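The block underneath contains the structure these notes are about, expressed in structure tokens.
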Protein chains: 2
Amino acid sequence: MNIYKGILDHVAKYVELSDSETEEFISILKTTRVKKRQFIIQPGFVSEYRNYIVEGAVRVFYLDDLGKEHTVIIAIEDWFFTDFYSYIHRTSAEYYAEALEDSLILQMKYEDVEELCSRIHSLCQYFRLFTERSMAHSYKRTISNISKTTEERYWEYVNKYPQIANRVPQYVLASYLGISPESISRIRSGNKKN
Amino acid sequence: MNIYKGILDHVAKYVELSDSETEEFISILKTTRVKKRQFIIQPGFVSEYRNYIVEGAVRVFYLDDLGKEHTVIIAIEDWFFTDFYSYIHRTSAEYYAEALEDSLILQMKYEDVEELCSRIHSLCQYFRLFTERSMAHSYKRTISNISKTTEERYWEYVNKYPQIANRVPQYVLASYLGISPESISRIRSGNKKN
DNA sequence: AAAAAAGCTTGACCTATATCAAGAACTAAA
DNA sequence: TTTAGTTCTTGATATAGGTCAAGCTTTTTT
């Protein structure tokens with residue numbers, strides 16, 4: 001099976017590419033395999049790529065002054081991840097991206113994406129439309145973070161992404177939701193809401 | 001003074017528009033004046049526009065089941081606001097946008113923006129680049145929300161946006177930072193207790 | 001198959017911050 | 001200038017959920 005199928009379907013949800021455009025797009029994709037626990041992005045280095053997951057799972061997290069991890073993205077197949085700020089501003093990353101499983105990812109370099117977007121209108125449209133949708137989604141998360149209790153946030157996530165919740169370690173989920181692992185443990189054992 | 005200067009400068013930070021493109025862009029801008037406390041977006045109605053503030057201040061907030069307000073955007077001159085999810089998906093808004101002062105705003109209808117973007121490559125680029133930057137910024141806020149104490153978040157905001165902090169009511173700032181107004185009051189007075 | 005990591009659970013305790021209440025100090029309107 | 005409506009402050013009290021510690025279970029490595 002073609003490893004590009006997923007990402008091309010993703011693009012096709014927003015725009016139609018001609019054969020030559022498709023070819024150009026594929027030509028900037030770099031295939032990379034990473035092993036579980038391997039870092040793909042690290043503070044101190046610029047996050048050069050937008051990364052698309054073909055197979056596997058990755059999390060992006062921030063390590064604060066006290067050594068606590070705060071997960072900002074949990075990504076599986078057909079998701080993108082990067083340290084967006086570092087990627088766009090060409091500054092040193094602030095986050096780690098760590099493979100949660102052996103994964104196969106497709107990487108697009110910043111310069112290549114920019115070059116293609118400046119030349120190919122439909123690809124520019126694709127990234128615009130897709131980023132706008134991510135943006136809309138990000139507001140939903142902000143609301144959830146500031147207006148829900150820990151328990152509500154936990155069940156909301158589990159209901160929305162049951163397959164992810166079962167796939168990643170609990171402490172990763174905890175650090176994504178801003179809850180202590182102990183509290184998640186208690187929520188799970190105590191209240192059996194759905 | 002030209003009311004379009006601000007928004008055109010904003011565009012010019014990302015792309016160059018020809019005279020005819022500039023004209024087309026201006027042609028989709030609708031000038032609207034709103035009075036203090038007036039709602040620009042309301043649940044139950046689709047958020048039709050991207051709104052740019054020429055003069056004034058606006059907040060976007062969410063009203064939860066318990067009647068508590070959660071501010072997601074505090075916007076002043078040269079900022080954009082909308083209920084992004086509603087705007088993009090053409091669904092009923094979930095948020096209120098309320099003028100904090102008498103304001104002058106420029107509004108762009110979704111259909112008009114899409115039409116222009118599909119026709120004018122440089123405008124598509126503008127919205128793409130600008131949205132990507134907003135996105136990068138939004139991650140910073142997520143981190144702040146989940147990794148900082150209330151006091152750190154308060155001082156971080158005041159240092160970053162001193163002019164806004166002094167301009168909007170304290171309870172608005174409180175609901176933006178996810179802190180109770182009482183706690184902000186105590187933080188300001190330097191009282192470390194309670 | 002052991003040994004070593006990594007991950008999860010449970011109980012006891014504790015603290016940061018919310019909530020409630022009531023009055024003071026602004027601001028806008030009559 | 002008085003009045004009514006907001007907004008801010010301060011004190012008392014409550015509690016959600018974090019931290020610590022220790023042991024248990026599952027997964028990974030040798």
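Keep in mind it's a predicted model, so treat the numbers as computed, not measured. Every chain is numbered from 1, with letters handed out A, B, ... down the list of sequences.
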For [X], give me all partners under ring pair (Phe, Tyr, Trp, His ring centres under 6.0 Å), at least two apart in sequence or on another chain.
X: A:F39; result: A:Y96
X: A:H89; result: A:Y85
X: A:Y157; result: A:Y161, A:Y176

Whole angstrom value for the distance that separates [atom2] of [N] from [atom1] of [X]:
X: B:L66; N: C:dC20; atom1: CG; atom2: P; result: 10 Å
X: B:Y154; N: D:dC8; atom1: OH; atom2: C1'; result: 12 Å
X: B:E151; N: C:dT15; atom1: CD; atom2: P; result: 17 Å
X: B:I179; N: D:dC8; atom1: CD1; atom2: P; result: 14 Å
X: B:E69; N: C:dA18; atom1: CD; atom2: P; result: 16 Å
X: A:L177; N: D:dA16; atom1: CG; atom2: C1'; result: 16 Å

Pairing residues for A:S92 by the side chain to side chain contact (heavy atoms under 4.5 Å, CB included) criterion, not counting sequence neighbours: none

Across nucleotides 5-11 of chain C, 5' to 3', mark each nucleotide with B, S or - according to how protein heavy atoms within less than 4.0 Å reach it. -SSSBBB

When hydrophobic residues are tied together by side-chain contacts of less than 4.5 Å, even through go-betweens, does B:L29 share a cluster with B:I3? yes

Using a strict cut-off of less than 4.0 Å between a Lys/Arg side-chain nitrogen and an Asp/Glu carboxylate oxygen, indicate whether A:E156 and A:K160 qualify as a salt bridge. no

Identify whether any heavy atom of B:T150 sits under 4.0 Å from a base atom; if not, whether one sits that close to sugar-phosphate; answer base, sugar-phosphate or nothing. sugar-phosphate

Give the angle between the helix axes at the two ends of the helix from C:dA1-D:dT30 to C:dA30-D:dT1, taking five base pairs at each end and rounding to 10°.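 End-to-end axis angle for the helix from C:dA1-D:dT30 to C:dA30-D:dT1: 60°, rounded to 10°.
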
Can you tell me if B:K68 touches the phosphate of C:dA18, counting only side-chain N or O atoms and a distance under 4.0 Å to OP1 or OP2? no

Suppose we call two aromatic rings close when their centres sit under 6.0 Å apart. Are A:F84 and B:H137 close by that rule?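 Centroid distance A:F84-B:H137: not below 6.0 Å, so no.
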
Less than 6.0 angstrom from the centroid, inside 45 degrees of the normal: does A:R133 satisfy that with respect to the ring of A:F130? no

